[in-house]
Amino acid sequence: MKIVVTGGLGFIGSHTVVELQNEGFEVVAIDNLSNSSESVLDGIERITGKKPIFEKMDLRDKTSVQNFFKKHNDVAGVIHFAASKAVGESVENPLLYYENNINALVYVLQELKELSNPNFIFSSSCTVYGQAEIMPITEDASVQPAASPYGNTKQIGEEIITDVAKVTNINSILLRYFNPIGSHPSAEIGELPLGIPQNLVPFITQTAIGMREKLSVYGDDYPTPDGTAVRDYIHVVDLAKAHVVALKRLLSKQNLDKVETFNLGTGTGSSVLEVITAFEKVSGQKLNYQIVGRREGDITSAYANTDKANNVLGWKAQSTLEDSLASAWKWEQKIRS
Ligand code: WQD
């Protein structure tokens with residue numbers, strides 16, 4: 001069966017392509033290479049022995065999207081990762097985010113609704129919850145007003161998919177990721193370091209390898225056990241596997257509604273200082289860090305209630321925080337060698 005993965009050469013996309021190929025799916029990866037590299041195809045091939053079909057394409061070009069689905073009209077499902085995802089950048093350049101994250105989604109859905117198997121998996125984010133009142137966070141926690149244009153595009157995307165489901169035969173699953181980290185254990189693919197990392201774990205590994213002088217810890221005055229903010233760090237391979245489980249759910253028509261939502265996390269919250277301590281343990285080296293002021297827009301705590309993902313979707317994260325950090329460190333060392 002042919003599956004289209006948009007953003008298929010990106011961080012989570014490439015790991016999902018590997019897991020799809022491992023399960024015998026034929027994959028067509030679409031990417032505009034704005035935040036990835038064509039060499040990722042070689043890394044995928046080194047892992048699975050098979051290079052996915054690759055189409056360099058910008059999903060903001062409606063005609064290209066139409067032509068693509070005319071050519072690939074035997075698609076059994078689409079997993080949609082392609083989006084800009086830097087919170088800070090989205091504040092500086094909202095129109096880039098609304099055009100890229102919304103227009104592309106609309107154009108893909110317009111073609112998908114004409115297919116005979118309109119199965120759709122949407123890459124969403126726990127950012128839609130804002131600072132949830134109750135921890136761990138369940139899927140029925142209220143969606144808060146977005147704290148950034150990036151988060152707003154995820155909320156709007158979910159609303160578009162829900163509206164479209166009512167009047168088309170598209171079946172969708174919304175996957176709300178917590179904090180994806182780590183890299184494939186082979187170190188053949190991972191998070192490409194383009195620019196100064198905004199996220200915690202790539203900044204940690206780049207500090208440890210000597211690329212950054214020190215890590216700034218954004219605030220230690222949060223109402224948490226050690227004062228630093230808490231997140232649910234999930235291994236990217238666990239996350240990728242969840243996409244295959246979700247896709248199979250739609251392919252076998254096990255979905256209970258036309259739009260289903262699942263939180264993808266480990267269910268465990270870890271503070272910034274706990275991540276640093278765990279990293280020092282797996283890397284065997286001290287990390288140079290300094291506590292500084294809070295980062296604008298950060299929330300105190302977010303970690304997933306995983307009951308629905310475990311019991312309904314039938315998926316559970318397997319990797320520990322240390323496993324994930326060890327894989328991130330192995331990748332950092334590999335790409336700097
Ligand atoms: C984690 C914690 C920071 C960097 C964002 C998006 C989310 C998803 C993941 C896309 C926070 C602290 C960070 C640093 C630090 N992205 N930190 N020093 O903000 O939870 O989530 O990325 O899907 O949608 O919102 O992740 O890794 O940026 O931060 O102290 O140099 O680490 O304050 O507490 P975040 P993050």
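From a predicted model like this one, the values you see are computed outputs, not experimental measurements. First listed ligand is number 1; within each ligand, the first listed atom is number 1.
Among Ser90, Ser34, Ser84, the single residue meeting the side chain to side chain donor-acceptor pair (under 3.5 Å) criterion with Asn100 is Ser84. Remark: of the listed residues Arg176, Lys154, Glu158, Glu158 is the sole one forming a side chain to side chain donor-acceptor pair (under 3.5 Å) with Ser124.
Annotation: ligand 1 has protein neighbours Val87, Ser125, Thr127, Tyr150, Asn179, Gln198, Asn199, Leu200, Leu215, Ser216, Val217, Tyr218, Ala229, Arg231, Tyr233, Val272, Arg295, Asp298, each with a heavy atom less than 4.0 angstrom from the ligand.
Defined by atom type and a distance below 3.5 Å, a donor-acceptor pair is missing between the side-chain atoms of Asp61 and Tyr107. In summary, the side chains of Glu89 and Tyr150 do not present any donor paired with an acceptor at a separation below 3.5 Å, with no hydrogens or angles considered.
Note on Phe178: it does not cluster hydrophobically with Ile204, by side-chain heavy-atom contacts below 4.5 Å among ILVMFWY residues.
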Applying salt bridge (charged side-chain N to carboxylate O under 4.0 Å, His left out) to Glu188 and Lys334, what does each step give before you reach the verdict? CA-CA 9 Å; Glu188 295 294 0; Lys334 162 90 180 283; 3.3 Å; yes

